[in-house]
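Side-chain atoms are counted along with the backbone in the values below, which use heavy atoms only and exclude waters and symmetry mates. Atoms within a ligand are numbered from 1 in the order they appear, just like the ligands themselves.
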Amino acid sequence: MSKVVLAIGGNAIIKEGQIGTIEEQQQNIMESSVPVLELMEQGHTVVITHGNGPQVGNTLIRGEMAKSVVPEYPLDVLDAETQGNLGYLIQQAFKNKMVERNIDKTITTVVTQSVVSKDDPAFENPTKPIGPFYSKEEMEKIVEERNLTFVEDSGRGYRRVVASPKPVKIVEKESIEALLEKDITVITAGGGGIPVIENNGILEGVEAVIDKDFASALLAADINADYLFILTGVEQVAINFGTPNQQNLFEVTIEEALRYMEEGQFPKGSMGPKIEAAILFLQKGGKNVIITSIDKLQDALAGKTGTRIVM
Ligand SMILES: Nc1ncnc2c1ncn2[C@@H]1O[C@H](COP(=O)(O)OP(=O)(O)O)[C@@H](O)[C@H]1O
Ligand SMILES: NC(=O)OP(=O)(O)O
């Protein structure tokens with residue numbers, strides 16, 4: 001049986017048009033759990049990673065709005081909060097579904113730190129969309145009042161962006177491996193992990209949001225996963241996405257993917273990092289990486305759909 005890393009997008013946990021209540025997130029996680037539980041029933045070892053873009057942006061807003069009453073927390077601590085919060089929602093929903101389906105397994109969350117370089121140029125160039133989507137008018141009003149950076153996010157509206165340095169090391173890797181050896185399902189590297197810099201072994205949090213697809217690719221390679229699934233809002237990656245000429249891709253080589261990237265087919269805040277993460281996994285020795293939606297997980301594993309990135 002295979003070791004499978006599943007990277008679930010933050011936008012699968014708060015769906016388009018939803019405001020992100022706990023009930024909405026619980027319902028979405030519950031629905032998402034079924035294809036993952038099927039993998040477990042088939043005997044695969046599963047590692048779940050997840051995004052936190054919508055959630056960490058919302059948490060940031062909550063802190064900003066309450067700062068006259070309670071202290072504001074830095075972004076690394078908010079990353080930790082969302083990892084704990086989402087880990088709780090995921091492990092509870094999965095455990096409840098496991099009981100329903102008579103799956104006798106333990107599932108647990110490992111709050112993860114990801115080492116980044118303090119010299120990463122990403123600190124000077126924010127690209128990671130977080131929080132809610134705004135209309136152009138709403139965005140312009142906020143920019144007038146505050147010095148914040150926004151991007152247009154794949155035709156879905158405008159979102160605030162923050163720095164997103166590349167993860168270079170998963171600090172808790174050994175703990176994750178120890179749990180997997182005991183056949184425990186692990187939820188980890190949530191939100192890409194908490195960004196920390198390392199100086200002579202001493203760790204210090206830095207304000208950023210790591211792309212969970214990069215962290216998932218790094219982790220998947222480090223733990224020798226057989227499969228990395230990047231699960232998102234589309235069944236397949238496409239060129240000319242969202243246009244009448246849209247063409248879905250079943251298999252794409254690294255060379256083709258890089259060419260499409262140069263043509264601007266894969267935007268920086270959405271599909272771009274997923275493609276780059278898939279390439280990173282392959283370059284680090286990974287074998288199988290597939291981008292698809294969670295409901296198509298089984299079909300993609302069977303080779304019927306999804307987009308495979310290959311050497
Ligand atoms: N070329 C493309 N092919 C497929 N989807 C694309 C493409 N370009 C942009 N997208 C959009 O990017 C989204 C994935 O990015 P995002 O929603 O940020 O990821 P996540 O699921 O990790 O939250 C897709 O659901 C789709 O709307
Ligand atoms: N941290 C992160 O990559 O989150 P999303 O997947 O929600 O963008």
Side-chain angles (χ1 to χ4, degrees), residues 6-16 18 20 25 28 32 48-60 75-76 78-83 85-86 112 114 116 122 126-133 151-157 159-167 188-195 208-219 229-243 245-250 252 256-257 259-261 263-278 291-296 305-307 309:
L6 301 172
I8 303 175
N11 288 314
I13 304 176
I14 300 179
K15 294 199 171 145
E16 217 174 328
Q18 295 185 332
Q25 296 187 67
N28 294 333
S32 302
I48 298 168
T49 69
H50 60 84
N52 71 340
Q55 294 82 0
V56 78
N58 291 358
T59 307
L60 184 64
L75 201 45
D76 54 313
L78 303 186
D79 287 320
E81 280 190 19
T82 56
Q83 256 196 83
N85 171 329
L86 286 161
T112 317
S114 300
V116 301
T127 54
K128 179 78 195 155
I130 59 165
F133 293 84
V151 288
E152 204 284 321
D153 191 355
S154 306
R156 299 175 290 189
R159 291 175 91 187
R160 182 169 171 179
V161 283
V162 294
S164 193
K166 296 273 187 307
T188 188
I194 303 153
V209 175
I210 296 180
D211 191 286
K212 64 107 188 18
D213 296 314
F214 282 116
S216 307
L218 181 65
L219 175 72
F229 275 95
I230 299 181
L231 300 169
T232 186
V234 287
E235 183 175 333
Q236 288 185 301
V237 179
I239 50 171
N240 306 316
F241 177 71
T243 72
N245 301 329
Q246 176 167 331
Q247 197 186 322
N248 289 355
L249 303 170
F250 182 71
V252 57
E256 286 165 339
R259 202 178 62 238
Y260 290 141
M261 190 99 72
E263 286 172 21
Q265 297 282 355
F266 309 136
K268 274 197 166 52
S270 56
M271 192 48 75
K274 295 182 194 307
I275 300 288
E276 286 182 58
I291 301 176
T292 191
S293 54
I294 200 154
D295 55 315
K296 298 292 174 191
T305 189
T307 301
I309 295 81

At what distance is the nearest protein heavy atom to [atom], and which residue and atom is it?
{"atom": "atom 27 (O) of ligand 1", "value": "Phe241 CZ, 3.5 Å"}
{"atom": "atom 1 (N) of ligand 1", "value": "Ala238 O, 2.7 Å"}
{"atom": "atom 8 (O) of ligand 2", "value": "Lys128 NZ, 2.7 Å"}
{"atom": "atom 21 (O) of ligand 1", "value": "Thr232 OG1, 2.6 Å"}
{"atom": "atom 7 (O) of ligand 2", "value": "Gly53 N, 2.8 Å"}
{"atom": "atom 6 (O) of ligand 2", "value": "Lys212 NZ, 3.1 Å"}
{"atom": "atom 23 (O) of ligand 1", "value": "Asn11 ND2, 2.8 Å"}
{"atom": "atom 12 (O) of ligand 1", "value": "Ser270 CB, 3.4 Å"}

Check whether any side-chain heavy atom of Ile275 lies under 4.5 Å from a side-chain heavy atom of Val237, and answer yes or no.
yes
Of all the atoms in ligand 2, which lie at a distance below 4.0 Å from a heavy atom belonging to [X]?
{"X": "Val209", "value": "1 (N)"}
{"X": "Asp211", "value": "3 (O)"}
{"X": "Pro54", "value": "7 (O)"}
{"X": "Gly191", "value": "1 (N)"}
{"X": "Gly51", "value": "2 (C), 4 (O), 5 (P), 6 (O), 7 (O)"}

Distance under 4.0 Å to a non-hydrogen atom of Lys212: what atoms of ligand 1 satisfy this?
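Numbered from 1, ligand 1 contributes 22 (O).
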Pull out every atom of ligand 1 sitting under 4.0 Å from any heavy atom of Phe266, numbered as shown with elements.
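Ligand 1 atoms under the 4.0 Å threshold to Phe266: 1 (N).
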So, does [X] use its side chain to make a donor-acceptor pair with the main chain of [Y] at under 3.5 Å?
{"X": "Thr112", "Y": "Thr188", "answer": "no"}
{"X": "Asn28", "Y": "Ile13", "answer": "yes"}
{"X": "Thr292", "Y": "Glu235", "answer": "yes"}
{"X": "Glu256", "Y": "Val252", "answer": "no"}

Are [X] and [Y] linked by a side-chain donor-acceptor pair shorter than 3.5 Å?
{"X": "Thr127", "Y": "Ser164", "result": "no"}
{"X": "Gln55", "Y": "Gln25", "result": "yes"}
{"X": "Asp295", "Y": "Ser293", "result": "yes"}
{"X": "Asn245", "Y": "Gln247", "result": "no"}
{"X": "Gln236", "Y": "Thr307", "result": "no"}

With respect to atom 18 (O) of ligand 1, which of Glu235, Arg159, Met271, Arg156 exhibits the smallest heavy-atom separation?
Arg156
Regarding atom 25 (O) of ligand 1: of the candidates Ala7, Pro54, Gly233, Gly272, which has the closest heavy atom?
Gly233
Is the closest N or O pair between Asn52 and ligand 2 shorter than 3.5 Å?
yes
Quick check: does Ile210 get an N/O under 3.5 Å from an N/O on ligand 2?
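Looking only at distances, the answer is yes, because the N/O contact criterion of under 3.5 Å is met.
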May I ask whether Pro267 places a heavy atom under 4.0 Å from ligand 1?
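Right, Pro267 reaches ligand 1.
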Mark the output for Gly51 as yes if a heavy-atom distance to ligand 1 is under 4.0 Å, and as no if none is.
no
Just checking, Arg156 and Phe133: is the charged tip under 6.0 Å from the six-membered ring centre and within 45° of the axis?
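Relative to the ring axis of Phe133, which defines the angle, Arg156 lies outside at least one limit.
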What part of Gln265, side chain from CB on, backbone N/CA/C/O, both or neither, has a heavy atom under 4.0 Å from ligand 1?
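Under 4.0 Å from ligand 1, Gln265 contributes backbone atoms alone.
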Ile130 vs Asn58, side chain to side chain contact (heavy atoms under 4.5 Å, CB included): CA-CA, chis, key distance, verdict:
CA-CA 8 Å; Ile130 59 165; Asn58 291 358; over 6 Å; no
Take Gln83 and Asn52, measure what side chain to side chain contact (heavy atoms under 4.5 Å, CB included) needs, and give me the verdict at the end.
CA-CA 8 Å; Gln83 256 196 83; Asn52 71 340; over 6 Å; no
Lys274 N/O under 3.5 Å from ligand 1 N/O:
yes
Would the number of heavy atoms belonging to other residues, nucleotides or ligands and lying under 6.0 Å from CD of Glu16 be above 12?
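Not more than 12 within 6.0 Å, no.
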Side chain, backbone, both or neither: which applies to Val56 and ligand 2 if a contact is any heavy-atom pair less than 4.0 Å apart?
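Answer for Val56: neither.
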